[in-house]
Number of protein chains: 2
Amino acid sequence: MTKPPTRIQQRNQAAILTAGLDVFSQFGFRGSTLDQIAEAAGLSKPNLLYYFPSKEAIHEVLLEQLLETWLDPLRALDRDGEPVAEVLAYAQRKLALSRDYPRESRLFANEILQGAPRILDILRTDLRRMVDEKAAIIDAWAKAGKIADVDPHHLIFSIWALTQHYADFDVQVRAVLGDREPYDGATVFIETLITKVLRP
Amino acid sequence: MTKPPTRIQQRNQAAILTAGLDVFSQFGFRGSTLDQIAEAAGLSKPNLLYYFPSKEAIHEVLLEQLLETWLDPLRALDRDGEPVAEVLAYAQRKLALSRDYPRESRLFANEILQGAPRILDILRTDLRRMVDEKAAIIDAWAKAGKIADVDPHHLIFSIWALTQHYADFDVQVRAVLGDREPYDGATVFIETLITKVLRP
DNA sequence: CGTCACTTTGACCACTTGGTCAAATCAAGA
DNA sequence: TCTTGATTTGACCAAGTGGTCAAAGTGACG
């Protein structure tokens, strides 16, 4: 029998989560402070703790929200589609995530860098299961001669690496490119790369 | 007229730097504490501060040591070598760094994720200069028809992404692969990938 | 063995941190 | 308007933080 959230609750919870995403994605869990988050959310610290019981709770909600959508692009890889087009589309969806949700990508990167203490079991079960499943599809395509015979797990890793790099290492990419916008070139490059790799 | 370090100094400074690398690479600068580092080094906190004036100083030495060797693999890319072999060798050197120095890779990743506050100017000058220089070499190879015509900057980014992924996301890679060792497969996959991408 | 520079540490400090609480303020429906 | 529940905050706390310091301990060399 939970009550529906008031307008103020909605606004402040959203502000806190946005602020938390900003701060956590940059400094990691331990490197972030409630004061930072409160300041970024435009609230006082006690007020922030009126909406979330602890620092941990904010982080937890953010990670949950992230995991909810993080695997969607891979989930959509369809065994009945045209193989090269399917993998290409997957990579482009993943790259779009990096472009449109770089903070989420960095939040995830921080969690993994710290040893994934909060999501390790999910990685070992849900993620592993889905990757194995999709790898089997890719492997079947290869065995059928529809694409080149590449290691499907490392193909998936390479797509993760290539796409997330543009979000996680954004500052380095931009430092090297100067003014030039990264994502147009990245889109073309990754498409070329995958096409060539998969050509039988 | 600086005195040569005693045996004890050598041992303790090395222990502190190793401990600092362990801790900073996992939690980032702000997420790490002197107590953690001191404990990992087997020293008391005041004793640690006898060898380094501050937390910042330890981190600074580690970053300096890192940058000293981080660009060596790229620096070695030789315009007079055989193009495909040169790029392949570069990628393999970089992958070996990930395998043999994963903590250094994660230290770097943490610094970049946090916005590269301590090395941004180096990225914008030294790194950018070297990447532009090597990109020009790759471009010349492409124009000469020796390799395919790919965007050289994104080619370099892709090698960074692919290789560093195995160090930075090690825990995720292993969670997905289970017992299987990542680097053998990665070596083969990356070699295949680059060969195919560069084939004219 | 004595000495002196090098090393180590316990006690301490100011500041930050995550979190609490009672009291004050505010908003909306009766 | 009044009431009541939702919201906000200043003051506060215990633990953790980076860092200091004087004093004690130790090693190497004459």
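Chain letters run A, B, ... following the sequence lines, proteins first and then strands; every chain starts at 1.
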Nearest to the side chain of [X], heavy atoms from C-beta on, is which of [options]?
{"X": "B/D35", "options": "C/dG18, D/dT17, C/dT9", "value": "D/dT17"}
{"X": "A/P46", "options": "C/dT20, D/dT7, C/dA28", "value": "C/dT20"}
{"X": "B/K45", "options": "D/dT7, C/dT7, D/dG18", "value": "D/dG18"}
{"X": "A/T33", "options": "C/dG18, C/dT8, D/dG18", "value": "C/dG18"}

Are [X] and [N] close enough that a side-chain N or O sits under 4.0 Å from OP1 or OP2?
{"X": "A/Q9", "N": "D/dT7", "value": "yes"}
{"X": "A/N47", "N": "D/dT9", "value": "yes"}
{"X": "B/S44", "N": "C/dT9", "value": "yes"}
{"X": "B/Y50", "N": "D/dC21", "value": "no"}
{"X": "A/R7", "N": "C/dA28", "value": "yes"}
{"X": "A/N12", "N": "D/dT8", "value": "yes"}

Counting only heavy atoms not in A/R180, do more than 12 fall under 6.0 Å of its CZ?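 Atom CZ in A/R180 is packed in, count exceeds 12.
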Quick check on B/E39: does its CD atom have over 12 non-hydrogen neighbours (other residues, nucleotides or ligands) under 6.0 Å away?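 Count not over threshold, so no.
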Could you state the atom-to-atom distance from [atom1] of [X] to [atom2] of [N] in whole Å?
{"X": "B/R30", "N": "C/dT17", "atom1": "CZ", "atom2": "C1'", "answer": "11 Å"}
{"X": "B/L48", "N": "D/dT20", "atom1": "CG", "atom2": "P", "answer": "12 Å"}
{"X": "B/L43", "N": "D/dT26", "atom1": "CG", "atom2": "C1'", "answer": "15 Å"}
{"X": "A/I37", "N": "C/dT17", "atom1": "CD1", "atom2": "P", "answer": "11 Å"}
{"X": "B/L49", "N": "C/dC6", "atom1": "CG", "atom2": "P", "answer": "19 Å"}
{"X": "B/Q36", "N": "D/dG18", "atom1": "CD", "atom2": "C1'", "answer": "13 Å"}
{"X": "A/Y51", "N": "C/dG19", "atom1": "OH", "atom2": "C1'", "answer": "18 Å"}
{"X": "A/F29", "N": "C/dT17", "atom1": "CZ", "atom2": "P", "answer": "14 Å"}

May I ask you to say what [X] touches in the nucleic acid, namely base, sugar-phosphate or nothing, with a heavy-atom cut-off under 4.0 Å?
{"X": "B/L34", "answer": "sugar-phosphate"}
{"X": "B/R11", "answer": "nothing"}
{"X": "A/I8", "answer": "sugar-phosphate"}

Please determine whether any donor N or O and acceptor N or O are separated by less than 3.5 Å between the side chain of A/K55 and the base of C/dG19.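 Per atom types, no contact qualifies.
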Kindly say whether B/L77 contributes a backbone atom to a donor-acceptor pair with the side chain of B/K134 at under 3.5 angstrom?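 Yes.
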Please confirm whether the backbone N or O of B/L66 pairs with a side-chain atom of B/Y101, one donor and one acceptor, at under 3.5 Å?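 No, because the side chain of B/Y101 does not come within donor-acceptor range (under 3.5 Å) of the backbone of B/L66.
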A/W70 and A/F108: aromatic ring centres closer than 6.0 Å? yes
Relative orientation of the end axes in the helix from C/dC1-D/dG30 to C/dA30-D/dT1, expressed as an angle to the nearest 10° (five pairs per end): 0°
Salt bridge present between A/D72 and A/R75 (N-O < 4.0 angstrom): yes
Between B/E56 and B/R118, does any NZ, NE, NH1 or NH2 come within less than 4.0 Å of an OD or OE carboxylate oxygen? yes
Qualifying residue, where the test is side-chain hydrogen bond (donor to acceptor under 3.5 Å, both in side chains) with B/S105 and the options are B/D168, B/D170, B/D100: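 With B/S105 as partner, side-chain hydrogen bond (donor to acceptor under 3.5 Å, both in side chains) holds for just one option, B/D168.
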